[in-house]
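Right, one structure below, let's go through it.
Computation of the quantities below employed the complete heavy-atom set of this structure, encompassing side-chain atoms and omitting hydrogens, waters and symmetry-equivalent molecules.
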Amino acid sequence: AKRAFKIGSDWRTMDASVRGELLNRLADLIERDREQLAAIETLDNGKPYGDSFNVDLTLVIKCFRYYAGYCDKLHGKTIPIDGPFMCFTRHEPIGIVGQITPWNFPLLMVAWKLAPALCCGNCVVLKPAEQTPLSALHIASLVREAGFPPGVVNIVPGFGPKAGAAISEHMDIDKVAFTGSTKVGQMILQAAGRSNCKNVTLELGGKSPCIVFADADIDEAVEIAHHAIFFNQGQCCAAGSRTYVQDEIYDEFVRKSVARAKTRSTGDPMQRGTEHGPQVNEMQFKKVLSMIQQGVKEGAKLQCGGKRWGNQGYFIEPTVLSDVPDDNICAREEIFGPVQTIIRFRTVEEVVERANDSVYGLASAVLTHDLDIALKMSQQLRAGSVWVNCYDIFAAQAPFGGFKQSGTGRELGEYGLQQYSEVKTVTIRVSSKNS
């Protein structure tokens, strides 16, 4: 990576438009291998093949193409300062970027990190999650096939305490971008500070509220809230894991949510029509079941699920809890599993305060036909994303990131490029200056 980023190297002297051609070529190769990559994701992670192929790979390809188009559109400004000077800014790559990706969306998170970093001209050392390294390794072969110079992209599998820590502490790495738990994110911040004060971008945990008002279309709201928590077996940082429902429709909403959870198609993730696969591994499987049991002990009412599905694999039945107190473990802590907690509320003011009463602030949703409520909630919720009458709407053009302990910085969109470039100010004395 140091050789590839050296002044005068093929990568540093490459035209920005050519960087864009390489990123587009990489997107072409991913599209060519789409079926294989989707199968790798499902075999490695357990998510349904339909989701891997139709959701994850679609977003991956769009992400690389979006940033391919941005490569020759990054530029500074000319600034009219006082005196006989010409002043302008340059947007330059940060240098060598360390990236650490999670196991829940292995390939998509590689795209979210790799594409903007390369767009800005950085070199990358990327560590995929030890649970799901295979798709990143396939991407490494495609990077070579696309024609990127040697050393520009380096995929380094390994365990977090060793490989991840080495990236966070290394004196020759100029930036770290991490997606994962808040606990590990705090460790990375500390390591970055102890070493060379690295630039750090973090996308961390969440306990996102999905707020359903009484005027919402209840059947539509049930489906949106169902998708918000059960997609990817609940293993989403932005999962709608606190479902707040207004008192007038609460009982009906619970009944319909239970009915929908019971019809969720669970089974072999490689089979067509499967909605719900296994948790990623035994550790996550045991953690989720333990938290469900603790939540029931603390007063939540188990409406359905709560136990293993079948007799092999790490499948957990889609679980619905009702009458969940605000201080219940399932309402406070990130479960990262298929557990819908349905919480009653009465007024707008009350639900804003309760929804914001969390150390997290990654995402949120408001389901209502009242435009005034939608606008008020979108202003008052302390979260990086607010979805109105929808959930999990991601696009390469729109930034994503969190408030509070859900992270620092933003990924995707034009905002995502700011995380991967340095602004240099150049001031030149001139013999004369004219407006």
Side-chain angles (χ1 to χ4, degrees), residues 1 5 11 16 19-20 23 59-60 62-77 89-102 105 108-128 152-154 164 167-168 170 172-180 182 184-193 195-206 237-238 361-363 383-385 394-425:
F5 195 70
W11 181 242
R19 287 205 307 270
L23 281 170
L59 293 173
V60 166
K62 286 184 175 181
C63 184
F64 277 109
R65 295 209 188 283
Y66 175 81
Y67 284 113
Y70 240 118
C71 287
D72 57 1
K73 299 169 186 66
L74 303 171
H75 50 77
K77 298 178 180 180
T89 58
R90 288 170 47 87
H91 290 189
E92 299 186 356
I94 291 176
I96 300 173
V97 176
Q99 300 180 325
I100 304 171
T101 57
F105 292 94
L108 183 58
M109 294 301 102
V110 167
W112 281 23
K113 290 185 169 42
L114 201 57
L118 297 177
C119 172
C120 293
N122 297 281
C123 293
V124 174
V125 177
L126 186 147
K127 187 199 90 67
V152 171
V153 177
N154 308 272
I167 288 173
S168 303
H170 204 290
D172 290 329
I173 289 180
D174 304 294
K175 174 190 172 65
V176 174
F178 169 76
T179 295
T182 295
V184 175
Q186 291 169 333
M187 294 167 63
I188 288 171
L189 274 175
Q190 292 169 354
S195 52
N196 57 347
C197 293
K198 294 174 180 63
N199 177 312
V200 179
T201 301
L202 302 172
E203 196 263 276
L204 306 175
C237 52
L362 188 56
S385 294
F394 291 99
Q397 304 92 328
F400 181 74
F403 288 17
K404 299 184 278 186
Q405 291 186 37
S406 287
T408 60
R410 293 294 180 268
E411 295 188 298
L412 300 179
E414 185 177 2
Y415 291 92
L417 294 168
Q418 297 172 7
Q419 318 299 323
Y420 287 101
S421 61
E422 297 279 19
V423 178
K424 177 184 285 182
T425 303

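- Looking at every heavy atom in both residues, I188 comes nearest to V200 through CG2-CG1, 4.4 Å.
- Listed here is the closest heavy atom pair of A111 and P116: O-CD, 3.8 Å.
- Side chain of K198 to main chain of H170: a donor-acceptor pair is present (N/O by atom type, distance under 3.5 Å, no hydrogens or angles).
- Of the possible polar contacts, one joining the N122 side chain to the I94 backbone as a donor-acceptor pair under 3.5 Å is found.
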*side chain to side chain contact (heavy atoms under 4.5 Å, CB included) assessment of H91 paired with K424*: CA-CA 6 Å; H91 290 189; K424 177 184 285 182; over 6 Å; no

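- Inter-residue side-chain proximity for L189 and V176 is flagged as unmet; no heavy-atom pair is nearer than 4.5 Å.
- You'll find the side chain of Y67 stays beyond 4.5 Å of the side chain of C120, heavy atoms only.
- The backbone N or O of L126 lies less than 3.5 Å from no partner atom in the side chain of N154, so there is not a single donor-acceptor pair.
- The two residues L202 and G185 come nearest to each other via the heavy atoms CD1-O, 3.8 Å.
- Judged purely by atom type and a 3.5 angstrom limit, N196 uses its side chain to pair as donor or acceptor with the backbone of I173.
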*Step by step, work out the side chain to side chain contact (heavy atoms under 4.5 Å, CB included) result for C237 and L204.*
CA-CA 7 Å; C237 52; L204 306 175; over 6 Å; no

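- Put simply, CG on L362 and OG on S385 are 6.5 Å apart, with the number rounded to the nearest 0.5 Å.
- By the neighbour-count criterion of 12 heavy atoms within 6.0 Å, atom CD of E414 is sparsely surrounded, having that number or fewer from other residues, nucleotides or ligands.
- Rounding to the nearest 0.5 Å gives a distance of 13.0 Å between CD of E422 and OG1 of T89.
- Counting heavy atoms from C-beta on, the side chains of Q99 and K127 never come closer than 4.5 Å.
- Between L23 and C71, the shortest heavy-atom distance links the atoms CD1-SG, 3.7 Å.
- A238 approaches F394 most closely through the heavy-atom pair CB-CZ, 4.4 Å.
- Side-chain contact between R90 and V423 is absent, with no heavy-atom pair separated by less than 4.5 Å.
- The CE atom of M109 sits 8.5 Å away from atom CG of L59, with the distance rounded to the nearest 0.5 Å.
- Within 6.0 Å of atom NZ in K73, more than 12 heavy atoms from other residues, nucleotides or ligands are found, so the atom counts as buried in its surroundings.
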*Could you go step by step and tell me if D174 and V97 meet the side chain to side chain contact (heavy atoms under 4.5 Å, CB included) rule?*
CA-CA 6 Å; D174 304 294; V97 176; over 6 Å; no

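- In this structure the side chain of Y66 reaches within 4.5 angstrom of the side chain of Q397, judged on heavy atoms.
- When each of I96, L114, V110 is paired with V124, the side chain to side chain contact (heavy atoms under 4.5 Å, CB included) condition holds for L114 and for no other.
- Annotation for K62: atom NZ does not count as buried by contact number, only 12 or fewer foreign heavy atoms lying within 6.0 Å.
- Less than 6.0 angstrom separates the ring centroid of W112 from the ring centroid of F400.
- Not a single donor-acceptor pair under 3.5 Å links the side chain of R410 to the backbone N or O of G416.
- Side-chain atoms of P399 and L412, non-hydrogen and from C-beta on, never get closer than 4.5 Å to each other.
- Not a single donor-acceptor pair under 3.5 Å links the side chain of Y70 to the backbone N or O of L417.
- Formation of a donor-acceptor pair under 3.5 Å by the T179 side chain with backbone atoms of T101 is not found in this model.
- For Y415, the OH atom is loosely surrounded, since the number of other residues' heavy atoms within 6.0 Å does not exceed 12.
- Contact record, G98 with I167: CA-CG2, 3.6 Å, taken as the closest heavy-atom pair.
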*Given W11 and C123, is the side chain to side chain contact (heavy atoms under 4.5 Å, CB included) satisfied, shown in steps?*
CA-CA 9 Å; W11 181 242; C123 293; 3.8 Å; yes

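- Side-chain N or O atoms of S406 include one that pairs as donor or acceptor with a backbone N or O of G205 at under 3.5 Å.
- Counting only distance, with no hydrogens or angles, the side chain of K175 and the backbone of Q419 share a donor-acceptor pair below 3.5 Å.
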